[in-house]
Asker: 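Quick one: the structure is below, and I'll ask about it shortly.
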Amino acid sequence: MNERLDEIRESALAAIAAAGDLAVLNDVRVAYLGKKGRLTGVLKSMKHVSPDQRPLVGKMVNEVRAEIESKLEERKSSLAAEALTKQLSEEVIDVTLPARRERIGHIHPNTIALEELEKIFIGMGYEVEEGPEIEYDYYNFEALNIPANHPAKDEQDTFYINKDIVLRTQTSPVQVRMMERGVLPIRMIAPGRVFRADEVDATHSPSFHQVEGLVIDKNITLADLKGTLEEFAREMFGADTRVKFRPHHFPFTEPSAEMDVSCFKCGGKGCRFCKGEGWIEILGCGMVHPHVLEMSNIDPKEYSGFAFGIGLERIALLKYEIDDMRLLYENDNRFLEQF
Ligand code: DAH
């Protein structure tokens, strides 16, 4: 029995010393100490040992077991330490490698133009408001005097979420939302994205931006509209800029007009930039229609106001002399960095 135990001990210790990784070491543990292991086998054969010898044999088995266990533990921690050292040396970071450069973007020409425009109107006491891009048909059309089947709806075909909800075709619905709030007077601009069922080309996009303007107060007249927009044009395009109002029609203003600015490239003589006209159209405007005021619970006998709508891309294209609108949507840094 003694010899058998000695042999088990020797071969177990040799196997432990030879185990090259944790998996092999575990196999060794199972082979000797497991349920069907060799040392366990010895205990099972105790029934063949005479009763007076049993305590002695039991003690010897336990000693061998304790020795094997402690060697297993020792080997296990040294293997783990080896594995860690190996991993650390493989994952070493080379701090001498050159750093990757941070790629910094550039403010979009639309944003530059918008910030300048906002500064001008904030300077005149306007607040900057926002409205939803997904809008009720009521705010986008009905409440702006564009009832179902009105021809203006045809020019502003858009994406319908359902029969009552659309992607807004203009920022004008923000006018209605502001008027409905009932806090007067109002002096606001509302920039934002609008949508139309337009094909992409050099001057059209199914998604573009407008800046709406609205002033409602007592005694607001066409003179206020003209003075305000003329002042805006001078600040935006230069002190020498002249403006011209041409009669037009918008369902929610009466009278309505489009405003042109003198070409800031040729000063009005006519050039390639203004297509020989000397003038460039930049916005639509008018006095808020009394019926529009009434629908938003404002008494047209007490209050009046003016409104305007500016195409933001148009301003950016003009100001930065960009000849194709598509460039604005490609987000190519080589293009954006020029402004
Ligand atoms: N919403 C108009 C459009 O998209 C532009 C516009 C014209 C807005 C006149 C106005 C306005 O506020 O008074 O064509």
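First listed ligand is number 1; within each ligand, the first listed atom is number 1. Predicted model, so just to flag it, every value in this text is computed and none were measured.
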Asker: If the cut-off is 4.0 Å to any non-hydrogen atom of Phe250, which atoms of ligand 1 fall inside it?
Answerer: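 Those of ligand 1 that fall under 4.0 Å from Phe250 are 7 (C), 9 (C).
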Asker: Starting at NE2 of His150, measure out to CD of Glu155 and round the result to the nearest 0.5 Å.
Answerer: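 One finds 9.0 Å between NE2 of His150 and CD of Glu155.
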Asker: Note the single closest protein heavy atom to atom 5 (C) of ligand 1, along with its residue, its atom name and the distance in Å.
Answerer: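 Going by distance alone, atom 5 (C) of ligand 1 is nearest to Gly309 CA, 4.2 Å.
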Asker: Is there a heavy atom in Arg196 that sits closer than 4.0 Å to ligand 1?
Answerer: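 Heavy atoms of Arg196 do come under 4.0 Å of ligand 1.
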Asker: Going by the angle between their ring planes, with limits at 30° and 60°, are His248 and Phe250 parallel, tilted or perpendicular?
Answerer: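 Taking Phe250 first and then His248, their aromatic rings sit tilted (interplane angle of 30° to 60°).
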Asker: Based purely on interatomic distance, does Ala307 place a nitrogen or oxygen under 3.5 Å from a nitrogen or oxygen of ligand 1?
Answerer: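 In this structure, Ala307 places an N or O atom under 3.5 Å from an N or O of ligand 1.
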Asker: Can Gln175 be said to touch ligand 1, with heavy atoms closer than 4.0 Å?
Answerer: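 Heavy atoms of Gln175 do come under 4.0 Å of ligand 1.
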Asker: I'd like to check which ligand 1 atoms, numbered from 1 as shown, lie under 4.0 Å from a non-hydrogen atom of Ser172.
Answerer: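 Taking each heavy atom of Ser172 in turn, ligand 1 has 1 (N), 8 (C) under 4.0 Å.
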Asker: Is there a donor-acceptor contact under 3.5 Å from the side chain of Arg9 to the main chain of Val64?
Answerer: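 No.
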Asker: Is there a donor-acceptor contact under 3.5 Å linking the side chains of Glu69 and Tyr32?
Answerer: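 Note: Glu69 and Tyr32 side chains miss the donor-acceptor criterion.
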Asker: I want to know if ligand 1 touches Gln170 in the polar sense, i.e. an N/O pair below 3.5 angstrom.
Answerer: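 Min N/O separation from ligand 1 is below 3.5 Å for Gln170.
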Asker: Go through the steps to decide whether Ser296 and Glu180 satisfy the test side chain to side chain donor-acceptor pair (under 3.5 Å), and finish with yes or no.
Answerer: CA-CA 5 Å; Ser296 291; Glu180 272 192 353; 5.1 Å; no
Asker: Between the side chains of Gln175 and Glu212, is a donor N or O closer than 3.5 angstrom to an acceptor N or O?
Answerer: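 The criterion, which ignores hydrogens and geometry beyond distance, is satisfied for Glu212 and Gln175.
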Asker: With a cut-off of 4.0 Å, which atoms of ligand 1 are near a heavy atom of Gln210?
Answerer: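 Matching atoms, with element in brackets: 3 (C), 4 (O).
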Asker: Show which atoms of ligand 1 fall inside a sub-4.0 Å distance from at least one heavy-atom site of Gly286.
Answerer: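 Ligand 1 atoms under the 4.0 Å threshold to Gly286: 13 (O).
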Asker: Work out whether the distance between some heavy atom of Phe252 and some atom of ligand 1 is less than 4.0 Å.
Answerer: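 Checking ligand 1 against Phe252, which is what was asked, there is a heavy-atom contact under 4.0 Å.
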Asker: Can the ring centroids of Phe308 and Phe121 be said to lie less than 6.0 angstrom from one another?
Answerer: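 Yes, they do, as the ring centres are separated by less than 6.0 Å.
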Asker: Output yes when the distance from some N or O of ligand 1 to some N or O of Glu212 is under 3.5 Å, and no in every other case.
Answerer: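 Min N/O separation from ligand 1 is below 3.5 Å for Glu212.
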Asker: With no hydrogens and no angle check, do the side chains of Ser304 and Asn219 hold a donor and an acceptor under 3.5 Å apart?
Answerer: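 The answer is no; no qualifying pair exists.
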Asker: So if I count the atoms of ligand 1 from 1 in the order they appear, which ones are less than 4.0 Å from some heavy atom of Thr253?
Answerer: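 Once the distances to Thr253 are compared, the set is 13 (O).
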